[in-house]
Amino acid sequence: MCGIVGYIGTKPAADIVLDALKRLEYRGYDSAGIAIQGKDGVKIIRKKGKVDELKELVAKTPLLGTIGIGHTRWATHGIPSDINAHPHRAYDVVAVHNGIIENYVTIKERLKEKGHKFISDTDTEVIPHLIANYLKEGLDFVKAVKEALKELRGSYALALLREKERMLIGAKKESPLLVGIGEGEYFLASDAPAIIARTNRFIFLEDGDLVILTDRGIKILNEAGQEVKREVQKVNWSPLMAEKGGFKHFMLKEIYEQPRAISDTMLGRVSEEKGEIYFEEWKDVRVNRIRKFWMVACGTSYHACLIGKYIFEKNLKLPVEVDIASEFRYREPPIQKGDFMILVSQSGETADTIAAMREGKKRGAYTLSICNVLGSTLARDSDGTIFTHAGPEIGVASTKAFTTQIVVLFMLMLYFAKKMRMKTVKELREMIFHLRKIPHKVTDVLEKASLIQDLSRKYMNYKDFLYIGRGINFPTVLEGALKLKEISYIHAEGYAAGEMKHGPIALIDEKMPVLCLSPKDITYSKTCGNIEEVISRKGKVILVTDTESHEMANKVEEVIIIPQTIYELQPIISVIPLQLFAYHVANLLGTDVDQPRNLAKSVTVE
């Protein structure tokens with residue numbers, strides 16, 4: 001979720017690029033940089049921190065020229081620093097990059113043997129070096145880029161310059177990139193907000209496209225190297241609408257980003273062929289010493305851990321204890337040396353989770369953090385870290401961070417299952433096969449959004465909701481109820497369906513809608529009985545299920561059908577309609593969806 005900008009025209013490029021980077025700040029970033037080609041070649045200024053700090057440096061060292069590129073970085077490889085900030089240069093080639101290059105280590109080692117010297121910890125730096133290597137072999141700039149792209153595995157959106165060559169090259173694969181068309185000028189951008197104030201005419205590039213921008217115009221080559229024409233689209237968005245990608249709220253945009261976020265979190269980490277999981281940023285531990293797992297988190301991340309408990313215990317046959325981080329230190333948890341502690345936080349700055357991590361380390365546990373922000377306190381201070389690649393999450397109510405946390409926990413289980421020999425290669429391959437299908441199945445649910453919006457309109461004025469589910473669906477309904485509470489301010493409770501008779505059933509009447517998760521899993525028949533209990537007391541049931549032949553379908557008020565998957569991955573699909581329902585209810589009620597009252601995105605005090 002970094003920001004890319006490129007410009008070629010007749011105006012001062014530095015002013016345009018810096019202004020565009022400023023407009024991309026909403027995406028979240030940890031450093032920024034700019035490269036401008038002038039009479040004396042390409043000059044680069046980059047800085048850890050904010051775009052305003054970069055502007056101050058540029059003001060002291062003016063960059064003169066009418067062609068340039070810029071970048072705001074959200075770190076994935078290498079901590080936030082001046083050295084790791086983009087643009088990156090190799091000889092006379094300069095690059096900015098969004099995405100992840102899976103095979104950068106292999107490429108880097110090969111180029112080192114040829115005398116190339118690297119100064120950063122990033123995956124991006126191999127790209128200009130690889131292009132420069134082909135230039136040394138006698139290829140022209142465009143051909144060198146094409147050959148380099150053939151070697152890259154992973155995702156990328158690229159903007160490239162070469163000294164003393166008046167040309168801007170862009171390339172796209174699984175990461176957004178568009179071309180803006182102005183009057184006698186052209187732009188590259190990762191997102192429309194960067195340049196919406198300067199043009200509203202865009203070409204949205206397709207995967208495999210390579211675009212060449214010169215003063216004479218635009219040329220687009222597809223993956224086969226053939227010149228193609230792409231439609232010029234006129235977008236009538238205001239700058240604020242553009243920041244949100246045309247969505248009304250960041251939360252809705254982030255709900256719809258989940259297929260991409262889940263794919264990015266898997267990228268370069270799964271091999272279906274080998275039945276293996278790879279975590280480049282996390283080094284191996286001696287799994288034979290693990291006697292017990294602890295999972296500790298707050299809020300939505302706590303619900304992800306509850307799901308993780310089901311995933312781990314079912315497949316690894318080791319005990320998992322899940323704690324709310326704010327309670328962890330005050331109950332004298334019996335952690336011992338050899339225990340494995342997993343701490344989950346979107347920001348990596350959650351105060352209670354950090355405190356729990358330090359308590360666990362003090363007691364001899366190995367601490368592994370799962371978070372979304374490289375360089376955060378939790379990432380720095382844990383023994384190991386695995387990053388989700390959800391990208392910045394602007395809305396306070398977490399959505400894509402939650403689903404990507406579950407993906408990491410599932411992949412972590414597969415990793416341990418292989419090391420502990422708890423699964424055969426065939427079984428691992430099958431589970432990875434189902435994991436790879438999840439982004440498409442989430443997309444299928446998102447396509448039912450209009451149905452869920454209609455339901456929201458019907459139920460928006462109810463004051464109390466009960467959410468029920470069994471097994472791995474129980475933590476999912478906890479998360480669904482939390483979403484409704486957070487952003488609509490409607491009272492909602494999540495319960496294990498088997499607890500109905502132990503109190504909550506007393507609340508059931510025609511004024512208490514009950515949302516029930518009931519996929520065709522091992523808890524199906526029992527959950528059907530719970531639905532009968534609600535109906536017999538005049539409760540209105542909203543049923544979310546993965547089977548059209550659900551035996552209660554003709555008895556309940558509403559039915560939402562979702563795709564089927566394996567038990568461990570069901571929550572990722574099941575939670576999507578719950579997120580959409582909460583969003584649409586809140587939107588219809590007119591609450592501040594992105595910044596609900598009394599809440600903060602990152603809870604940095606206890």
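A donor-acceptor contact shorter than 3.5 Å is absent between the side chain of R470 and the backbone of Y524. A donor-acceptor distance shorter than 3.5 angstrom exists from the side chain of R436 to the backbone of V270, with no hydrogens or angles considered. Counting only distance, with no hydrogens or angles, the side chain of N103 and the backbone of R153 share a donor-acceptor pair below 3.5 Å. Distance alone, capped at 3.5 Å, is enough to place a donor-acceptor pair between the D30 side chain and the A75 backbone. In this structure, the side chain of D383 engages the main chain of T367 through a donor-acceptor pair within 3.5 Å. Formation of a donor-acceptor pair under 3.5 Å by the N84 side chain with backbone atoms of I79 is found in this model.
Under a 4.0 Å N-O distance rule, the pair E147/K150 qualifies as a salt bridge. Salt-bridge check for R363 with E359: passed, with a basic side-chain N closer than 4.0 Å to an acidic carboxylate O. Salt bridge absent: K400 and E393 never bring a charged side-chain N and a carboxylate O closer than 4.0 Å.
Within the structure, the salt bridge (charged side-chain N to carboxylate O under 4.0 Å, His left out) test picks out the following pairs touching residues 287-304 (sequence neighbours left out): R291-D339, K292-E321. Counting only residues at least two apart or in different chains, salt bridge (charged side-chain N to carboxylate O under 4.0 Å, His left out) contacts with residues 127-141 are absent. Sorted by first and then second residue, the salt bridge (charged side-chain N to carboxylate O under 4.0 Å, His left out) pairs involving residues 300-313 (not counting sequence neighbours) are K309-E313. Listed by first and then second residue, the salt bridge (charged side-chain N to carboxylate O under 4.0 Å, His left out) pairs involving residues 119-128 amount to none (not counting sequence neighbours).
Residues P475 and H303 share a closest heavy-atom pair of CB-O, 3.8 Å. Nearest heavy atom pair, residue L409 against residue A304, reads CD1-O, 3.3 Å. Contact record, P128 with H88: CG-O, 3.8 Å, taken as the closest heavy-atom pair. The minimum heavy-atom distance between L130 and A148, with the atom names listed, is CD2-O, 3.6 Å. Between I472 and Y567 the shortest heavy-atom distance is N-OH, 3.0 Å.
Taking the ring centroids of Y583 and F247, they lie at or beyond the 6.0 Å cut-off.
Residues passing the ring-ring contact (aromatic ring centres under 6.0 Å, His included) test with H129, sequence neighbours excluded: H116, F118. Take K143 and apply the side-chain hydrogen bond (donor to acceptor under 3.5 Å, both in side chains) test, not counting sequence neighbours, and it matches no residue. For F581, the ring-ring contact (aromatic ring centres under 6.0 Å, His included) criterion is met by F465, not counting sequence neighbours. S301 pairs by the side-chain contact (heavy atoms from CB on, under 4.5 Å) definition with A297, V344, Q405, not counting sequence neighbours. Residues satisfying the ring-ring contact (aromatic ring centres under 6.0 Å, His included) criterion with Y278, sequence neighbours excluded, are absent altogether. In this structure, the side-chain contact (heavy atoms from CB on, under 4.5 Å) partners of E427, at least two apart in sequence or on a different chain, are K423, T424. Every residue meeting the ring-ring contact (aromatic ring centres under 6.0 Å, His included) condition with H71, not counting sequence neighbours, appears here in chain and number order: H86. Looking at residues two or more places apart in sequence or on another chain, you find a side-chain contact (heavy atoms from CB on, under 4.5 Å) between D546 and P519, K520, I562, Q564, Q570.
For the pair V93/Y134, no side-chain contact is recorded, criterion being any heavy-atom separation below 4.5 Å from C-beta on. Residues E568 and Y310 form no side-chain contact, since every pair of their non-hydrogen atoms from C-beta on lies 4.5 Å or further apart. In this structure, the side chains of T350 and L378 stay at 4.5 Å or more apart for every pair of heavy atoms. You'll find the side chain of Y256 reaches within 4.5 Å of the side chain of L580, heavy atoms only. Considering only heavy atoms from C-beta on, Y366 stays 4.5 Å or farther from I290 through its side chain. At least one side-chain heavy atom of E349 sits under 4.5 Å from a side-chain heavy atom of I354. A 4.5 Å side-chain heavy-atom check between I131 and R162 finds every atom pair outside the cut-off. Counting heavy atoms from C-beta outward, I561 and T545 have side chains that approach closer than 4.5 Å.
The environment of CD in E174 is crowded: more than 12 heavy-atom neighbours from other residues, nucleotides or ligands sit within 6.0 Å. Within 6.0 Å of the NZ atom in K418, the count of heavy atoms belonging to other residues, nucleotides or ligands exceeds 12. Around the CD atom of E548, the shell of radius 6.0 Å holds no more than 12 heavy atoms that belong to other residues, nucleotides or ligands. More than 12 heavy atoms of other residues, nucleotides or ligands shown are found within 6.0 angstrom of NZ on K361.
Under the 3.5 Å distance criterion, with hydrogens and angles disregarded, a donor-acceptor pair is assigned to the side chains of T523 and D521. A side-chain donor from one of T385 and S369 sits under 3.5 Å from a side-chain acceptor of the other. Judged by distance alone, the side chains of T404 and T265 never bring a donor and an acceptor atom under 3.5 Å apart. For the 3.5 Å distance criterion, the side chains of T388 and N372 qualify, holding a donor opposite an acceptor. Side chain to side chain, T399 and Q579 fail the donor-acceptor criterion of an N or O pair below 3.5 Å.
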Is there a side-chain hydrogen bond (donor to acceptor under 3.5 Å, both in side chains) between E479 and T300? Walk through the geometry before answering. CA-CA 6 Å; E479 176 61 14; T300 287; 3.0 Å; yes
Test log, rule side-chain hydrogen bond (donor to acceptor under 3.5 Å, both in side chains), inputs Q258 and T403: CA-CA 7 Å; Q258 286 176 110; T403 48; 3.0 Å; yes
Applying side chain to side chain contact (heavy atoms under 4.5 Å, CB included) to N315 and F416, what does each step give before you reach the verdict? CA-CA 9 Å; N315 293 282; F416 282 127; over 6 Å; no
Report the C-alpha distance between D264 and I100 in whole Å, list the side-chain angles of each, state the deciding distance to 0.1 Å, and finish with yes or no for side chain to side chain contact (heavy atoms under 4.5 Å, CB included). CA-CA 8 Å; D264 284 356; I100 297 171; 5.5 Å; no
